[in-house]
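Owing to the predicted nature of the structure, the values given are computational and were not obtained by experimental measurement. Values below: all heavy atoms of this structure, side chains included; hydrogens, waters and symmetry mates excluded.
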Amino acid sequence: MDEVPPRRAAQLLRDARRVVVFTGAGISAESGVPTFRDDLTGLWARFDARRLATATAFHADPDLVWGWYEWRRTRVRQAEPNPGHRAIATIEARIPGTTVVTQNVDDLHERAGSRAAIHLHGSLFAPRCVAAAGHPFRSTPDGGPAPSPDGGRIPPPRCASCGALVRPGVVWFGEALPEAALTAAVEAAAACDVLLAVGTSGLVYPAAEIPRIAAGSGAAVVQVNPEPTPLDRVCAVNLRGAAAEVLPSLVGAAWEVARNG
Ligand code: OAD
């Protein structure tokens, strides 16, 4: 384990002009939003991804899939950003050349003050219809009755423009990532000095390429995760711990270092 407070990581951050913060579900874990692959609490330990997170699943049982995503949307709406999200917003404020790239479909980066986070896997808050045009759907702020705790069935609404079913605005397994988002993320990764990878298992491609592209282009990759991941070997520094503790300590140390020269 690397030292905490993380002096080397703090120095790398202090000296960086261009930073990419690449986040996964672990950044939101301490806000009470479940991760995907953690053994007991992860969504994929409790739910079958093939029945919920593919286009085939939606067409087979739209009410089941829509209900499950409504349950997740409700959980996120009840959650608050944690000190890890806020530390990332502080990095952006201190280093203007910072790009936040997230695999998360929640809005906690935005609510913590991050501007223009790139969402590689879409958003729970951007439903659209299944027609090729993908008309955006504007849901009511309250979204009707609260979904059941385990994500019971709810029929999806119909598109006001074309009558097609409305689907969650997330990227499902087997679907392409939004092209503009992926291109912007790859360009930022290829040009950054430091990539901070926070709370991701690094297992899902093409998103998992992002830290590898940064490392391959000469950036220092700093990882924050309580567990080892396949990204360990591309990292200059591995900070083993929870994002809500490690990130504020990293930011504090970076600007402490700056003050002390
Ligand atoms: P995973 O659930 O695969 O991994 C979460 C990571 O967060 C793990 O490495 C945990 O060790 C780590 N973690 C847990 N608690 C943490 C904490 N408090 N602080 C920091 N790290 C913590 O989630 P992702 O890597 O985001 O895609 O998953 C990638 C994609 O797979 C998701 O975007 C989603 C999923 O299937 C789609 O739905 C397309």
Side-chain angles (χ1 to χ4, degrees), residues 23-38 40-81 85 101-111 117-178 181-182 199-201 203-204 207:
T23 64
I27 183 72
S28 298
E30 286 146 289
S31 294
V33 179
T35 63
F36 294 95
R37 292 179 183 74
D38 283 291
L40 295 174
T41 55
L43 290 172
W44 298 153
R46 294 183 287 148
F47 299 99
D48 182 351
R50 283 161 308 179
R51 286 183 61 224
L52 294 163
T54 66
T56 309
F58 182 72
H59 290 296
D61 195 342
D63 299 10
L64 178 74
V65 172
W66 183 260
W68 190 68
Y69 279 93
E70 282 297 282
W71 167 69
R72 285 182 57 197
R73 201 160 67 96
T74 302
R75 283 200 68 154
V76 166
R77 280 221 313 262
Q78 290 163 349
E80 295 295 335
H85 296 103
V101 178
T102 187
Q103 296 162 89
N104 297 346
V105 293
D106 65 44
D107 60 352
L108 296 177
H109 282 303
E110 286 80 1
R111 284 202 265 141
I118 295 172
H119 283 264
L120 290 178
H121 290 163
S123 163
L124 289 171
F125 301 96
R128 64 176 193 275
C129 77
V130 296
H135 301 115
F137 176 74
R138 206 176 285 278
S139 52
T140 56
D142 293 333
S148 66
D150 60 353
R153 292 181 142 71
I154 300 177
R158 293 267 170 188
C159 177
S161 304
C162 70
L165 282 181
V166 171
R167 57 160 286 177
V170 302
V171 176
W172 281 326
F173 291 107
E175 292 186 323
L177 273 56
L182 184 58
T200 179
S201 57
L203 291 171
V204 175

**Student:** Go through Asn104 and Thr23 one step at a time and tell me if the side-chain contact (heavy atoms from CB on, under 4.5 Å) criterion holds.
**Tutor:** CA-CA 7 Å; Asn104 297 346; Thr23 64; 4.2 Å; yes
**Student:** Test of understanding: with side chain to side chain contact (heavy atoms under 4.5 Å, CB included), list the residues that count as partners of Ala49, not counting sequence neighbours.
**Tutor:**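 Once residues adjacent in sequence are excluded, the partners of Ala49 under the side chain to side chain contact (heavy atoms under 4.5 Å, CB included) criterion are Trp44, Phe173.
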**Student:** Search all heavy atoms of Ala79 against all heavy atoms of Val33 and return the closest pair with its distance.
**Tutor:**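 Smallest heavy-atom distance, with atoms named: CB-CG2, 3.9 Å.
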**Student:** I need the Phe36 CZ to Leu43 CG distance, nearest 0.5 Å.
**Tutor:**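 Nearest 0.5 Å value for the CZ-CG distance: 5.5 Å.
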**Student:** Looking at Trp172 versus Phe58, is the centre-to-centre ring distance below 6.0 Å?
**Tutor:**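 Yes, ring centres under 6.0 Å apart.
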**Student:** Side chains of residues 162-169: which donor-acceptor pairs under 3.5 Å do they make with residues two or more places apart or in other chains?
**Tutor:**
| unit_1 | atom_1 | unit_2 | atom_2 | d |
| --- | --- | --- | --- | --- |
| Arg167 | NH1 | Glu175 | OE2 | 2.8 |
| Arg167 | NH2 | Val170 | O | 2.7 |
| Arg167 | NH2 | Glu175 | OE1 | 3.1 |

**Student:** With sequence neighbours excluded, give me every salt bridge (Lys or Arg N to Asp or Glu O under 4.0 Å) pair touching residues 27-38.
**Tutor:** none
**Student:** In Å, rounded to the nearest 0.5 Å, how long is the span from NE2 of His85 to CD of Glu110?
**Tutor:**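 Here the interatomic distance stands at 9.5 Å.
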**Student:** Once rounded to the nearest 0.5 Å, what's the spacing between atom OH of Tyr69 and atom CZ of Arg73?
**Tutor:** 13.0 Å
**Student:** About how many Å separate NE2 of His135 and OG of Ser161, when rounded to the nearest 0.5 Å?
**Tutor:**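 Rounded to the nearest 0.5 Å, the OG-NE2 separation comes out at 4.5 Å.
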**Student:** Without placing hydrogens or testing angles, list every side-chain donor-acceptor pair under 3.5 Å for residues 120-130, not counting sequence neighbours.
**Tutor:**
| unit_1 | atom_1 | unit_2 | atom_2 | d |
| --- | --- | --- | --- | --- |
| His121 | ND1 | Gln103 | O | 3.4 |
| Ser123 | OG | Phe125 | N | 2.8 |

**Student:** Report, as yes or no, whether the 6.0 Å neighbourhood of atom CZ on Arg51 holds more than 12 heavy atoms from other residues, nucleotides or ligands.
**Tutor:** no
**Student:** Restricting to side chain to side chain contact (heavy atoms under 4.5 Å, CB included), what partner residues turn up for Thr56, sequence neighbours left out?
**Tutor:** Thr54
**Student:** What are the two closest heavy atoms between Asp63 and Pro156, and how far apart are they?
**Tutor:**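 Nearest pair, atom of Asp63 first, then Pro156: OD1-CD, 3.5 Å.
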**Student:** Under the rule for salt bridge (Lys or Arg N to Asp or Glu O under 4.0 Å), what residues qualify as partners of Asp107, not counting sequence neighbours?
**Tutor:** Arg111
**Student:** With heavy-atom distances below 4.5 Å as the criterion, would you say the side chains of Cys159 and Phe137 are in contact?
**Tutor:** no
**Student:** With side-chain contact (heavy atoms from CB on, under 4.5 Å) as the criterion, how do Leu64 and Trp68 come out once you've worked through the C-alpha distance, each side chain's angles and the decisive distance to 0.1 Å?
**Tutor:** CA-CA 6 Å; Leu64 178 74; Trp68 190 68; 5.8 Å; no
**Student:** How far apart are the C-alpha atoms of Asp61 and Arg153, what are their side-chain angles, what is the distance that settles it, and do they pass the side-chain contact (heavy atoms from CB on, under 4.5 Å) test?
**Tutor:** CA-CA 9 Å; Asp61 195 342; Arg153 292 181 142 71; 2.2 Å; yes
**Student:** Can you list the steps and then say if His119 with Val105 is a side-chain contact (heavy atoms from CB on, under 4.5 Å)?
**Tutor:** CA-CA 7 Å; His119 283 264; Val105 293; 5.8 Å; no
**Student:** Measure across Thr200 and Gly24 and return the closest heavy-atom pair with its distance rounded to 0.1 Å.
**Tutor:**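 That would be CB-CA, 3.9 Å.
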**Student:** OG of Ser28 to CG of Asp106: how many Å apart, nearest 0.5 Å?
**Tutor:**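 CG of Asp106 is found 3.5 Å from OG of Ser28.
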**Student:** Answer yes or no: is there a donor N or O on one side and an acceptor on the other, between the side chain of Ser31 and the main chain of Glu80, under 3.5 Å?
**Tutor:** yes
